[in-house]
K.L.:
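Provided herewith is a single structure, encoded as structure tokens, for subsequent inquiry.
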Amino acid sequence: NDSCTRAHCCVCLCLALPGQSSGCSKCGMAVLCTRCASSRGATLVHADECAALKRLQTAMASDRPADSRSLRLLMRLVLWQWRCSSHPSSQQYVTADGEWWGSGDVSGDEPDDLCSLAAPANDELPQELAHDFLHMAQQARFFLGTECRTGLQTMVALLARMYCNSLTLYG
């Protein structure tokens with residue numbers, strides 16, 4: 001959650017131990033562990049979201065949610081889709097041969113892989129939840145760069161898929 005953004009790696013979420021991690025001097029919100037800082041794919045993840053995180057960090061309190069974890073998840077998903085659709089395979093988080101960082105496996109190479117793992121969204125979200133998701137999508141459009149913005153309904157559908165896959169989302 002927001003209180004842990006400087007205590008855990010922003011990519012792999014491992015505990016960011018002093019001397020084994022580095023904070024981002026540009027956004028002031030993210031930390032990369034030594035393993036992720038030495039990985040091209042992992043550094044791309046943060047490079048894509050750094051400017052949006054800076055805008056989020058410096059926004060007036062009234063313009064950002066009290067807890068931004070779901071908003072940050074949405075922005076990361078939108079940025080992932082943008083990278084997959086607008087960059088050549090040599091500039092993806094995962095290389096064409098499936099190379100990622102560390103010794104673990106990647107759950108999906110492209111956003112469609114993640115969406116196929118998540119349960120399809122119900123046709124009708126509860127009205128209050130749909131309203132919260134739409135508000136979060138509007139916030140994401142405010143913080144994301146113009147080059148990667150997508151439609152509000154596309155972002156609501158992404159959130160609905162994550163919600164239907166038992167993720168707890170915070171508005």
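Nothing here was measured: the structure is a model prediction, and the numbers come from that model. Numbering starts at 1 and runs along the sequence shown.
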K.L.:
Can you find a pair of side-chain heavy atoms, one from T154 and one from Q81, that are under 4.5 Å apart?
P.N.:
yes
K.L.:
Heavy atoms, side chains only, cut-off 4.5 Å: are H46 and C24 in contact?
P.N.:
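In contact.
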K.L.:
Can you confirm whether H135 is buried at NE2, in the sense that more than 12 heavy atoms of other residues, nucleotides or ligands lie under 6.0 Å from that atom?
P.N.:
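No, the 6.0 Å shell around NE2 holds no more than 12 heavy atoms from other groups.
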K.L.:
Set out, in order, the CA-CA distance, both residues' side-chain angles and the distance that settles side chain to side chain contact (heavy atoms under 4.5 Å, CB included) for K26 and L53, then state yes or no.
P.N.:
CA-CA 9 Å; K26 292 179 184 174; L53 290 176; over 6 Å; no
K.L.:
Considering non-hydrogen atoms only, spot the tightest contact between Q139 and D63 and give its length.
P.N.:
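Where Q139 meets D63 most closely, the heavy atoms are NE2-O, 4.1 Å.
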K.L.:
Do V31 and C9 pass the side chain to side chain contact (heavy atoms under 4.5 Å, CB included) test, and can you show the C-alpha distance, the side-chain angles, and the key distance before you say yes or no?
P.N.:
CA-CA 5 Å; V31 173; C9 176; 5.7 Å; no
K.L.:
Over all heavy atoms of both residues, which pair between V156 and A137 is shortest? Give the atoms and the distance, please.
P.N.:
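Nearest heavy atoms, V156 then A137: CG2-CB, 4.2 Å.
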K.L.:
Who clusters with L17? Use side-chain heavy atoms, under 4.5 angstrom, across I, L, V, M, F, W and Y, and order the result by chain and number.
P.N.:
L15
K.L.:
Rounded at 0.5 Å granularity, tell me how far NE2 in H131 sits from CE in M136.
P.N.:
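Nearest 0.5 Å value for the NE2-CE distance: 11.5 Å.
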K.L.:
So, taking the atom named CG in L158 and the one named CH2 in W80, what distance separates them when rounded to the nearest 0.5 Å?
P.N.:
10.0 Å
K.L.:
So if I apply the side chain to side chain contact (heavy atoms under 4.5 Å, CB included) rule between M29 and each of C50, C10, S68, which one comes out positive?
P.N.:
S68
K.L.:
State the CG-SG distance between D48 and C148, to the nearest 0.5 angstrom.
P.N.:
8.0 Å
K.L.:
Would you sort out whether C12 and R35 count as a side chain to side chain contact (heavy atoms under 4.5 Å, CB included), showing the intermediate values?
P.N.:
CA-CA 9 Å; C12 72; R35 179 180 70 160; 3.5 Å; yes
K.L.:
Distance from L74 atom CG to M155 atom CE, nearest 0.5 Å?
P.N.:
6.0 Å
K.L.:
Can you see which heavy atom on A52 is nearest to which on M75, and at what distance?
P.N.:
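Scanning both residues completely, I find the closest heavy atoms to be CB-SD, 4.1 Å.
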K.L.:
Which atom names give the shortest non-hydrogen contact between V11 and C36, and what distance separates them?
P.N.:
CB-SG, 4.0 Å
K.L.:
Quick check: are there more than 12 heavy atoms from other residues, nucleotides or ligands sitting under 6.0 Å from CD of E147?
P.N.:
yes
K.L.:
Looking at CG of D132 and CG of L159, how far apart are the two atoms once the value is rounded to the nearest 0.5 Å?
P.N.:
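Result: 10.0 Å between the selected atoms.
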K.L.:
Which pair of heavy atoms, one from H8 and one from L13, lies closest together, and at what distance?
P.N.:
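For H8 versus L13, the nearest heavy atoms are CD2-O, 3.3 Å.
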K.L.:
Can you confirm whether L144 sits close enough to E49 that some side-chain heavy atom of one is under 4.5 Å from a side-chain heavy atom of the other?
P.N.:
no
K.L.:
Can a donor-acceptor pair be found, under 3.5 Å and without considering hydrogens, that links the side chain of W82 to the backbone of R149?
P.N.:
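Pair absent, no side-chain N/O of W82 close to backbone of R149.
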K.L.:
Please give me the minimum heavy-atom distance between A37 and T43, naming the atom from each residue.
P.N.:
O-CG2, 3.5 Å
K.L.:
Would you say that R64 contacts F143 through its side chain, given a criterion of any heavy-atom pair below 4.5 Å between the two side chains?
P.N.:
yes
